[in-house]
There are 2 protein chains.
Amino acid sequence: MKPHVHQERLSELNEKLRQKSRKVTAPRQAILDVLRKHRHPLTNKEIFAVLPPGECDLATIYRSMHMLESMRMVQRFDFGDGTARYELICEGDDGHHHHLICTRCSEVLEIEDCFPVALEKKLAEDSGFKFVTHKLEFFGVCPKCQGK
Amino acid sequence: MKPHVHQERLSELNEKLRQKSRKVTAPRQAILDVLRKHRHPLTNKEIFAVLPPGECDLATIYRSMHMLESMRMVQRFDFGDGTARYELICEGDDGHHHHLICTRCSEVLEIEDCFPVALEKKLAEDSGFKFVTHKLEFFGVCPKCQGK
DNA sequence: ATGTTAATTGCAAATCATTTGCAATGCATA
DNA sequence: TATGCATTGCAAATGATTTGCAATTAACAT
Ligand SMILES: [Mn+2]
Ligand SMILES: [Mn+2]
Ligand SMILES: [Zn+2]
Ligand SMILES: [Zn+2]
């Protein structure tokens, strides 16, 4: 890959990792590179499949995603099929957003709007709950799949 | 259990099952009885635990829930912990609703409001998707758990 | 009431995603 | 370069769910 891209990523990684006595390793760099190239959430197995053979063990990907999630570098999503998906969190973004998923071909649309924040507040007040968040995903049939 | 309750449930079951050459069996009746007694979603294991020993195999519960879901007698929910939960669908209801779950003690509050229907329409128009639905769950810390 | 037949069940083994133990390896810092 | 702790690969363990199959049973026609 291009050196400057590598450097850029590395320094960004360094920043966030060094503070927590975490190491910048080849597997972690490789995983972040994969996530960079995709705009939609990926499963661990998908990341593993994209990675050059022998580059990184699947168990390492699982461990890495947990770590990256805990340090807010990736956001975890659940499409209801029993498999976790992860997306890189962009600069100055909290990662919170939603998707519209085709139930036939699994195409994914990124959804910018986030409604329930308003409802969230109301819920928190009414229920006495604090730190209220939500998970929301939309499902439907995409234009291509509507034919049959 | 009381005879008339049994009859009531049995006839309701009969109605829905007979049409599809499905059988009214003891395990299915027992499972529905358990769901009747609970207002919040239950996992298959929870249903299994409540059932009298030897009443029904866990695999049978899994199979029954699939069937009951396919005939719209139960609604499946996903709280993001990798375990499916099911709730009985009441008469004249489509089962669609949401929850507010305490991330500390797992207490569940049923949420009546459903926002995203409006957003759903807009999404469908903008994207060309059809049959758009959504899954939405809220998470937070309940009053009891806020102490520490 | 009894027989026929297809649906259903229990049980064990198989799957699938995810986690974990542990010895070997590799980063960060002195 | 040496040291120490984080990290990795690999294999085995877990936990939820599914599945194959022979035995059982509900539904319905004798
Ligand atoms: Mn996304
Ligand atoms: Mn509910
Ligand atoms: Zn949102
Ligand atoms: Zn809703």
Side-chain angles (χ1 to χ4, degrees), chain A residues 6-7 9-32 41-49 51-71 73-74 76-86 106, chain B residues 6-7 9-32 41-49 51-71 73-74 76-86 106:
Chain A
H6 188 277
Q7 278 311 308
R9 183 199 355 77
L10 208 163
S11 62
E12 181 190 332
L13 232 191
N14 273 337
E15 268 181 53
K16 300 201 178 185
L17 291 180
R18 287 236 178 87
Q19 307 167 348
K20 317 203 177 189
S21 66
R22 294 256 153 95
K23 295 176 179 177
V24 179
T25 66
R28 287 171 182 174
Q29 294 176 51
I31 290 170
L32 287 173
L42 294 178
T43 66
N44 286 343
K45 204 181 283 185
E46 285 169 342
I47 295 172
F48 182 68
L51 245 29
E55 183 92 18
C56 174
D57 191 77
L58 184 56
T60 299
I61 298 182
Y62 276 96
R63 285 189 274 232
S64 295
M65 301 320 290
H66 283 314
M67 188 214 61
L68 292 170
E69 186 185 15
S70 79
M71 45 201 332
M73 292 187 66
V74 301
R76 179 187 171 132
F77 293 98
D78 182 359
F79 288 2
D81 66 347
T83 315
R85 279 156 221 268
Y86 298 90
S106 299
Chain B
H6 188 276
Q7 278 311 307
R9 184 203 351 80
L10 208 163
S11 62
E12 180 190 333
L13 233 190
N14 274 337
E15 267 180 54
K16 301 202 178 187
L17 292 180
R18 285 236 179 90
Q19 306 167 347
K20 320 205 176 189
S21 67
R22 296 254 151 97
K23 296 176 178 176
V24 178
T25 66
R28 288 171 181 174
Q29 294 176 53
I31 290 169
L32 287 173
L42 293 178
T43 66
N44 286 344
K45 202 180 284 184
E46 285 169 343
I47 295 172
F48 182 68
L51 246 27
E55 183 90 18
C56 176
D57 190 77
L58 184 56
T60 298
I61 298 182
Y62 275 96
R63 285 190 274 234
S64 295
M65 300 320 289
H66 283 313
M67 188 213 61
L68 292 170
E69 186 185 15
S70 79
M71 47 200 329
M73 293 186 67
V74 301
R76 177 187 171 131
F77 294 97
D78 182 0
F79 287 2
D81 65 347
T83 314
R85 278 156 222 270
Y86 298 90
S106 299

Check your understanding: Does B:Y62 place a side-chain N or O at less than 4.0 Å from the phosphate oxygens OP1/OP2 of D:dT18?
Key -> no
Revision key, fill the gap. Applying salt bridge (charged side-chain N to carboxylate O under 4.0 Å, His left out) to A:D57 and not counting sequence neighbours gives none
Practice item. Look at the side-chain N and O atoms of B:H66 and state whether any lies under 4.0 Å from the OP1 or OP2 oxygen of D:dT17. Key: no
Practice item. Starting at atom CD of B:E46, determine the distance to atom P of D:dA16, rounded to an integer number of angstrom. Key: 11 Å
Practice item. Go through DNA chain C in 5' to 3' direction and return only the first and the last nucleotide with some atom under 4.0 Å of chain A's heavy atoms. Key: C:dA17 to C:dA28
Check your understanding: Contact class for B:A84 vs. all strands (heavy atom < 4.0 Å): base, sugar-phosphate, or nothing?
Key -> sugar-phosphate
**Study point:** N or O in side chain of A:T60 less than 4.0 angstrom from D:dT7 OP1/OP2
**Key:** no
Revision key, fill the gap. On DNA chain D, more 5' by nearest nucleotide between A:R22 and B:T83 is A:R22
Review point. Using a cut-off of less than 4.0 Å, is there contact between a side-chain N or O of B:K23 and OP1 or OP2 of D:dT25?
Key: no
Exercise for review: Rounded off to whole Å, could you give me the CD-to-C1' distance for the A:E55 and D:dT7 pair?
Suggested key: 15 Å
Check your understanding: CG of B:D57 versus P of D:dT24: gap in Å, rounded?
Key -> 15 Å
Review point. What is the distance, rounded to the nearest whole Å, between atom CD1 of A:I61 and atom P of D:dT7?
Key: 16 Å
Practice item. Whole angstrom is fine here: how far is it from CZ in A:R18 over to P in D:dA6? Key: 16 Å
Exercise for review: May I have the distance from A:Q29 (atom CD) to D:dT7 (atom P), rounded to whole angstrom?
Suggested key: 13 Å
